[in-house]
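Side-chain atoms are counted along with the backbone in the values below, which use heavy atoms only and exclude waters and symmetry mates. We count ligands from 1, going down the list as the structure has it; atoms in each ligand are counted the same way.
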Amino acid sequence: MERSVDRIRDPWGGRVPHGRHQPWPARVDTYLTEGLRPEQVQKWVQAASILHSDGDAMDIAVVDGRMVGVRGRATDRVNRGRLGPKDLFGWQANASPDRLTRPLVREDGRLVESDWETAMSRVVSCSRSLLDERGPGAIGFYTSGQLFLEEYYTLAVLARAGIGTNHLDGNTRLCTATAAEALKETFGSDGQPGCYDDIDHADVIALFGHNIAETQPVQWMRVLDRLEGSDPPRLLCVDPRPTPVARKATVHLAPRIGTNVALLNALLHVIIRTGRVDHDYVRRHTVGYEELAAQVQDCTPEWAARICDVPASRIVEAAELLGGAERLLSTVLQGVYQSHQATAAAVQVNNLHLLRGMLGRPGAGVLQMNGQPTAQNTRECGADGDLPGFRNWQNDAHVEDLAQIWNVEPAVIPHYAPPTHALQMFRYAEQGSIRMLWVSGTNPAVSLPELSRIRTILAQERLFLVVQDLFLTETAQYADVVLPAATWGEKTGTFTNADRTVHLSDKAVEPPGEARPDLDIFLDYARRMDFRDQDGEPLITWRDPVSAFEAWKRCSAGRPCDYTGLTYEMLREGTGIQWPVGRQAPRGTPRLYTEGISWAHPDMCEAYGKDLVTGAADGEDDYRAHNPEGKAMLKPAAYTPAHETPRETYPFQLTTGRTLYHFHTRTKTGRSPQLNAAAPEVWVEMSADDATRLDLAEGDVVEVTTPRGALRGQLRITGLRPGVIFVPFHYGYWDTPSGTGPDASTPGRAANETTITDWDPASKQPLFKTAAAAVTRVARGHGQPSPAPTTTASAPTGRRLPATTGGPTARVTQVPDPAWDRQEEHR
Ligand SMILES: Nc1nc2c(c(=O)[nH]1)N[C@H]1C(S)=C(S)[C@@H](COP(=O)(O)OP(=O)(O)OC[C@H]3O[C@@H](n4cnc5c(=O)[nH]c(N)nc54)[C@H](O)[C@@H]3O)O[C@H]1N2
Ligand SMILES: Nc1nc2c(c(=O)[nH]1)N[C@H]1C(S)=C(S)[C@@H](COP(=O)(O)OP(=O)(O)OC[C@H]3O[C@@H](n4cnc5c(=O)[nH]c(N)nc54)[C@H](O)[C@@H]3O)O[C@H]1N2
Ligand SMILES: [Mo]
């Protein structure tokens with residue numbers, strides 16, 4: 001293996017072959033700037049990556065109080081020393097010269113620099129007067145999947161018991177709301193059943209709408225290493241784009257967008273018809289088999305082939321792969337979650353695993369993935385539309401339990417209706433019932449659907465907008481008060497990845513200027529608001545990350561996400577630890593549901609379930625009648641067509657998503673030179689067939705139009721499904737000349753100019769993956785290719801184009817496990 005690789009050109013680095021049922025050998029990736037050598041580093045500070053949901057464990061290199069690089073931690077269970085391109089290069093944004101260093105307040109229509117006293121007094125006085133005049137429902141909080149556990153818990157307590165508002169949600173609504181909902185629907189509670197180690201043991205790995213190679217690149221390295229080891233797994237990839245996963249798949253299905261339920265129903269149909277059901281498992285651990293079998297009875301591969309537009313024989317091949325698997329691992333992400341039947345489809349993947357008894361054993365697991373690094377914590381702490389500790393808002397005993405922990409009257413905690421979901425909060429702001437919106441760690445002016453509408457909502461005079469961020473983002477430009485936050489590397493706290501692994505991330509350097517950790521900002525607000533419990537004592541008694549963590553542990557006790565056995569000290573011992581961690585499991589829990597289903601009992605469950613088609617919530621009585629013993633629930637769903645389908649004026653299906661090199665609205669990756677250079681501008685992907693038909697060529701500037709708006713970008717011709725176009729959603733406006741967004745004369749470049757305000761009925765996750773669009777040429781490209789990377793799903797077909805490379809500043813050292821290395825030399 002080469003010791004030094006360009007990790008822009010070669011994003012996954014070198015292979016260490018990985019045999020089935022063997023521990024994954026380590027490979028330590030290190031990147032240091034300025035030609036530094038490791039011995040020049042003054043200290044290494046422990047952290048984990050905050051640019052995706054894997055939680056890659058790493059150490060931050062520090063010289064003279066500055067970050068100078070990162071190194072993967074070989075001892076950690078998640079990544080065994082490996083880092084992805086964003087892990088390696090993204091941290092440089094912390095030191096960007098345009099970080100916010102002082103609070104800003106709006107004076108005569110303009111944002112001006114201010115001080116913390118002025119800024120916080122404005123926030124507090126607005127909160128007080130709204131509480132007096134309009135009550136708690138006038139205040140909303142829209143937070144993130146990128147803060148720390150201690151911060152979310154504090155926010156949840158101050159919003160739910162301090163203010164008493166039901167309007168608290170995260171951008172996790174756009175991200176993992178469907179993961180949570182699908183787990184609740186099937187298992188009665190949130191909590192990832194599977195585990196990344198399952199990759200080491202599976203013989204079949206199925207990825208549904210999940211481009212793991214680009215979005216969780218380190219776990220893709222694990223898959224790649226297994227593909228080169230003994231007894232490699234076979235892959236099923238369901239994705240309309242030719243992703244790196246599709247290229248390695250034994251079976252690749254590229255269905256028509258928005259048809260996941262039809263495809264999954266056909267797969268279940270074949271599995272039942274060919275006798276692949278583990279009836280003993282189904283009898284012992286599930287309810288609902290008859291209904292599911294009846295639902296899929298007529299869903300033949302031929303039927304699905306017409307809807308999905310893939311060959312029936314290919315569907316049968318896929319079903320044989322799944323049905324014949326000895327240990328099946330499935331993962332599900334945005335190709336499923338951001339569509340109109342999101343929960344219905346995600347639940348069918350759970351059904352597949354229940355039917356086949358593929359749970360709770362090494363290699364047999366389902367990963368209803370998270371996307372953001374700390375989304376799991378937003379959910380478990382109740383900073384999204386759930387109560388803390390996966391408590392059930394419809395269960396009075398759960399609300400009472402929470403009230404006791406907080407020492408407040410149960411009536412103080414809003415539970416008269418489901419917690420408000422993010423898109424509903426924006427609707428309330430539009431209508432004027434929410435008058436103050438506090439946005440922390442998210443950039444809705446780029447990431448929400450139908451941006452022209454979002455800009456109008458944020459710009460309203462009557463809405464008092466607080467934005468807490470690192471930069472003057474597209475969203476912050478609309479704020480009345482901007483609070484400068486410290487971030488990863490500048491503050492201490494814990495967070496939990498997609499397989500329940502909790503990591504501690506320590507402060508390595510001082511934040512710039514007067515920027516403060518989000519925890520300190522929330523605590524300061526709580527103190528100024530003087531929130532009290534029912535004995536007149538301060539509602540929030542903690543002062544720092546450790547004491548906040550201790551408070552959270554009390555709240556998590558006895559719940560599925562039990563943290564009671566964890567301490568910061570344990571998290572400094574070399575590896576992250578998977579919850580639940582308590583008396584029963586002092587070193588954590590690799591897999592849930594190893595001995596049946598544990599949390600679905602009517603007295604325990606987080607939710608009583610919903611109708612997957614209408615989203616109507618079931619009541620306690622329905623739930624008790626259907627599932628008295630608390631088994632897993634097999635929930636059927638009928639396929640329904642996408643809400644917006646191509647027609648004459650909008651003939652294409654438009655889908656949006658990610659590229660390997662950027663994170664979301666690029667506030668971090670756009671400020672990292674290597675990452676930004678790899679994908680500097682938006683582009684539009686189209687199949688060669690469609691391009692030929694429309695006389696379009698690589699590099700042509702095209703306009704993509706939907707009923708909501710338009711964007712422009714250069715065309716990239718790829719092997720994606722004909723009839724589909726793809727646009728990455730990363731490109732907002734902060735680095736454009738106007739910096740604010742499109743005006744009437746210039747169309748924008750943000751994908752969300754075009755997306756639709758619509759959501760899955762059960763999870764309320766918006767539909768970023770399906771819209772109908774038109775494409776027209778604005779200008780010829782004259783041989784200049786589009787700026788899309790060549791190393792990823794956007795790889796060109798036909799013409800050979802210059803490869804995406806990083807050059808000398810992108811070279812990273814990779815050192816394999818010494819034991820493995822010796823063995824290789826021996827051969
Ligand atoms: N590089 C990078 N990594 C990231 C992030 C990032 O911004 N950049 N963000 C993180 C976050 S928050 C998230 S949520 C995850 C998201 O991770 P992913 O879900 O893997 O990423 P996406 O690109 O949004 O969508 C995945 C795939 O869905 C496919 N798709 C579209 N429509 C359909 C459909 O109808 N059916 C099926 N089966 N597939 C479809 C698309 O072609 C796309 O390849 O990534 C995380 N990791
Ligand atoms: N069209 C389309 N739209 C999408 C998606 C899609 O696939 N297609 N995906 C959706 C998904 S899955 C997601 S997760 C969202 C992501 O959407 P956003 O959350 O809006 O995207 P980010 O750019 O991650 O915004 C995070 C903000 O928090 C700031 N920040 C970072 N760290 C900290 C911190 O420690 N403290 C504070 N206070 N601020 C911090 C960053 O500077 C940035 O402005 O986008 C969604 N929107
Ligand atoms: Mo996400």
Side-chain angles (χ1 to χ4, degrees), residues 50-54 84-86 93 143-148 151 170-176 207-217 237-243 245-246 253-260 263 331-339 345 369-373 375 439-449 467-471 473-476 483-488 490-491 515 517-518 521 642 653 655-669 675 720-721 724 726-730 732 734 750-752 754-755 765-766 768-770 792-793:
I50 197 106
L51 295 172
H52 50 73
S53 55
D54 269 358
K86 285 185 282 104
T143 191
S144 183
Q146 300 170 42
L147 307 185
F148 292 166
E151 297 168 335
N171 65 357
T172 46
R173 185 63 60 183
L174 324 180
C175 182
T176 67
L207 300 103
F208 295 94
H210 182 194
N211 184 6
I212 191 174
E214 298 192 48
T215 58
Q216 279 85 16
C237 171
V238 182
D239 195 307
R241 296 171 73 217
T243 62
V245 182
L253 299 172
R256 185 175 277 136
I257 285 179
T259 63
N260 292 312
L263 177 68
T331 76
V332 190
L333 201 45
Q334 300 308 357
V336 170
Y337 295 167
Q338 292 174 339
S339 65
M369 284 297 297
N370 298 342
Q372 287 178 93
V439 174
S440 50
T442 181
N443 190 7
V446 182
S447 57
L448 281 180
V467 175
Q468 183 168 317
D469 204 292
L470 318 181
F471 299 103
T473 59
E474 293 85 346
T475 306
L483 302 174
T487 188
W488 176 93
E490 302 161 355
K491 63 183 187 182
D518 296 277
I521 300 172
Q653 278 199 311
T655 193
T656 64
R658 296 166 166 74
T659 189
L660 175 81
Y661 301 103
H662 277 303
F663 185 63
H664 298 169
T665 73
R666 287 181 315 124
T667 64
K668 289 182 177 172
T669 53
L675 297 170
L720 97 168
R721 201 193 136 78
V724 172
F726 172 87
V727 180
F729 88 102
H730 304 296
W734 58 262
N752 284 321
T754 62
T755 48
Q765 184 159 347
F768 294 114
K769 294 284 189 267
T770 36
T792 58

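In this structure, the side chain to side chain contact (heavy atoms under 4.5 Å, CB included) partners of Ala751, at least two apart in sequence or on a different chain, are Thr656, Val727, Phe729. Phe726 meets the ring-ring contact (aromatic ring centres under 6.0 Å, His included) test with no other residue; sequence neighbours excluded. Residues satisfying the ring-ring contact (aromatic ring centres under 6.0 Å, His included) test with His662, not counting sequence neighbours, are His730, Tyr731.
Close approach of ligand 2 to Lys668 is summarised as follows: ligand atoms under 4.0 Å from at least one heavy atom of the residue are 31 (C), 32 (N). Counting atoms of ligand 2 from 1 in the listed order, those under 4.0 Å from a heavy atom of Thr487 are 32 (N), 33 (C), 34 (C), 35 (O). Remark: ligand 2 atoms within the under-4.0 Å shell around heavy atoms of Gln468 are 37 (C), 38 (N), 39 (N). Close contacts between ligand 2 and Lys491 involve ligand atoms 35 (O) [criterion: under 4.0 Å to a heavy atom]. Listed by number with element, the atoms of ligand 2 under 4.0 angstrom from any heavy atom of Ala485 are 36 (N), 37 (C), 38 (N).
At least one donor-acceptor pair under 3.5 Å links the side chain of Asn171 to the backbone N or O of Gly145. The main-chain N or O of Cys175 is never found under 3.5 Å from a side-chain atom of Thr172 such that the two would form a donor-acceptor pair. Remark: side-chain polar atoms of Asn370 are not paired, donor with acceptor, to backbone N or O of Gln372 under 3.5 angstrom. For the pair Gln653 (side chain) and Ile257 (backbone), a donor-acceptor distance under 3.5 Å is present.
In Asn752, the part holding a heavy atom less than 4.0 Å from any atom of ligand 2 is the side chain. Residue contacts with ligand 2, taken as heavy atom pairs separated by less than 4.0 Å, involve Leu147 solely via side-chain atoms from C-beta onward. Under 4.0 angstrom from ligand 2, the non-hydrogen atoms of Thr667 all belong to its side chain.
For a heavy-atom separation below 4.0 Å, the residues in contact with ligand 1 are His52, Lys86, Cys175, Gly209, His210, Asn211, Glu214, Thr215, Val238, Asp239, Pro240, Arg241, Thr243, Ile257, Gly258, Asn260, Leu333, Gln334, Gly335, Gly371, Gln372, Thr655, Gly657, Arg658, Thr659, Leu660, His662, Phe663, His664, His730, Lys769.
On a distance-only criterion, Thr755 and ligand 2 share no N/O pair closer than 3.5 Å. Between Asp469 and ligand 2, at least one pair of N/O atoms sits closer than 3.5 Å.
Between Pro766 and ligand 2 there is no heavy-atom distance shorter than 4.0 Å. In this structure, Thr473 counts as a contact residue of ligand 2, since one of its heavy atoms falls inside 4.0 Å of the ligand.
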- [ ] Dump the intermediate steps for side chain to side chain contact (heavy atoms under 4.5 Å, CB included) on Leu174 and Phe768, then the final yes or no.
- [x] CA-CA 9 Å; Leu174 324 180; Phe768 294 114; 3.8 Å; yes
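Within the model, atoms CG of Leu675 and NZ of Lys668 stand 12.5 Å from one another, a figure rounded to the nearest 0.5 Å. Rounding to the nearest 0.5 Å places OG1 of Thr487 at 5.0 Å from CG of Leu470.
Ser144 and Thr442 form no side-chain donor-acceptor contact under 3.5 Å, judged by distance and modelled atom types alone. Donor-acceptor pairing under 3.5 Å is recorded for the side chains of Gln216 and His210.
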